[in-house]
Q: 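Structure incoming, see below.
Atom set for the values below is all heavy atoms of this structure, side chains included, hydrogens, waters and symmetry mates excluded.
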Amino acid sequence: MNTGESWSIRRAKTSDIRAIGRLIEPLVEARVLLGKDLVVLFEAVQEFTVAENAAGDIVGCGALHVFWENLGEIRTLAVSPDHLGQGIGAALVASLEAQARELGLSMLFCLTFEVDFFQRHGFHVEEDQILDPEVYVELVRSPDEGVAEFLDLARVKPNTLGNARLVKDLS
């Protein structure tokens, strides 16, 4: 567990999911994040890491979604507006990167409007296809909308949110 001045980072529990939903709701409404039904958030609880303040409130969240044996996505990264600038986002990204390394992933990507933030953490904008053709063929079979957007599939063209694709080599 990483600790900030008045918050700590930990893996999410099912009891955090409703708070995560409330935290991301304004960003979904502003079309910054893709919306997720509550059932989808519960199904993905093991992907989430949260920032919790001293009062026990969830003030930030992020998820690590594995796509392939070497590739994962940082998704649903959010920090409460009244906790911005405290290093919570950076701590969440660091925790998710550590989890990715533990799983054996060598590359992470994110689809984001926060290009400067992610570039400060070692990500770079990637316009080219970064997958081997064989992996691409396998990933096309995924029903996950994030995978479809990452692959630039026609069913999500143009980019659903208009955000940028950034990648980071973890090796």
Side-chain angles (χ1 to χ4, degrees), residues 1-12 16 19-36 41 44 47-53 57-68 70-103 105-131 139 144-153 156-171:
M1 178 189 307
N2 293 338
T3 303
E5 289 182 29
S6 60
W7 47 267
S8 60
I9 302 293
R10 62 170 174 77
R11 297 297 298 264
D16 300 324
I20 290 170
R22 289 189 297 273
L23 179 66
I24 68 173
E25 184 178 352
L27 296 170
V28 171
E29 290 173 2
R31 295 188 43 76
V32 172
L33 291 177
L34 290 174
K36 292 181 173 55
L41 292 174
E47 296 182 358
F48 276 92
T49 295
V50 295
E52 180 179 43
N53 69 12
D57 300 319
I58 301 303
V59 296
C61 68
L64 173 64
H65 184 76
V66 175
F67 274 17
W68 199 248
N70 67 331
L71 178 65
E73 177 188 17
I74 290 181
R75 53 170 58 170
T76 320
L77 186 69
V79 175
S80 170
D82 54 342
H83 288 81
L84 291 173
Q86 296 180 17
I88 294 171
L92 286 165
V93 168
S95 179
L96 295 169
E97 285 182 12
Q99 292 170 39
R101 284 185 176 93
E102 287 174 14
L103 291 170
L105 302 180
S106 60
M107 184 176 298
L108 284 176
F109 80 93
C110 61
L111 300 169
T112 184
F113 291 106
E114 299 296 332
V115 173
D116 292 341
F117 171 84
F118 280 97
Q119 285 179 327
R120 286 193 306 272
H121 298 325
F123 286 75
H124 66 275
V125 175
E126 183 62 56
E127 300 293 334
D128 297 327
Q129 185 55 256
I130 60 172
L131 300 174
L139 289 179
D144 186 289
E145 287 299 309
V147 174
E149 191 168 0
F150 173 72
L151 296 176
D152 287 330
L153 298 182
V156 293
K157 292 288 257 165
N159 184 329
T160 306
L161 298 175
N163 50 20
R165 179 185 353 182
L166 283 84
V167 297
K168 181 174 184 176
D169 186 345
L170 298 176
S171 54

Q: Does K168 have any salt bridge (Lys or Arg N to Asp or Glu O under 4.0 Å) partners at least two apart in sequence or in another chain, and if so, which?
A: E97
Q: Test of understanding: with side-chain contact (heavy atoms from CB on, under 4.5 Å), list the residues that count as partners of A19, not counting sequence neighbours.
A: R22, I58
Q: Kindly compute the distance separating OG1 (T76) from CD1 (I20), expressed to the nearest 0.5 Å.
A: 9.0 Å
Q: Going by side-chain hydrogen bond (donor to acceptor under 3.5 Å, both in side chains), name the residues that satisfy it together with Q99, two or more places apart in sequence or in a different chain.
A: T49, S95
Q: On a heavy-atom basis, which atom in A51 and which in I9 lie closest, and how many Å separate them?
A: CB-CD1, 3.7 Å
Q: Give me the atom names and distance for the closest heavy-atom approach of F67 to E73.
A: CZ-OE1, 3.5 Å
Q: To the nearest 0.5 angstrom, please state how far the CG atom of L77 sits from the CG atom of L64.
A: 11.5 Å
Q: Can you list everything that forms a side-chain hydrogen bond (donor to acceptor under 3.5 Å, both in side chains) with E47? Sequence neighbours excluded, please.
A: H65
Q: Could you measure the distance from the OG atom of S171 to the CZ atom of R101? Nearest 0.5 Å is fine.
A: 9.0 Å
Q: Can you name the residues that form a side-chain contact (heavy atoms from CB on, under 4.5 Å) with V125, not counting sequence neighbours?
A: V115, Q119, E127, L166
Q: So which heavy atom on A12 is nearest to which on V50, and how close?
A: CB-CG1, 3.9 Å
Q: What residues form a side-chain hydrogen bond (donor to acceptor under 3.5 Å, both in side chains) with D82, not counting sequence neighbours?
A: S80
Q: Provide the closest heavy-atom pair for G60 versus I88 in the form atom of the first, atom of the second, distance.
A: CA-CG2, 4.3 Å
Q: Partners of H121 by ring pair (Phe, Tyr, Trp, His ring centres under 6.0 Å), sequence neighbours excluded?
A: F117
Q: Could you work out, with side-chain contact (heavy atoms from CB on, under 4.5 Å) as the rule, every residue matching L27, not counting sequence neighbours?
A: V32, L33, A78
Q: Please determine which of I74, D169, L96 meets the side chain to side chain contact (heavy atoms under 4.5 Å, CB included) test together with L108.
A: I74
Q: Counting C-beta onward and ignoring hydrogens, is there a side-chain heavy-atom pair between F48 and D16 closer than 4.5 Å?
A: no
Q: Atom CH2 of W7 and atom CD of Q86: how far apart are they, to the nearest 0.5 Å?
A: 8.0 Å
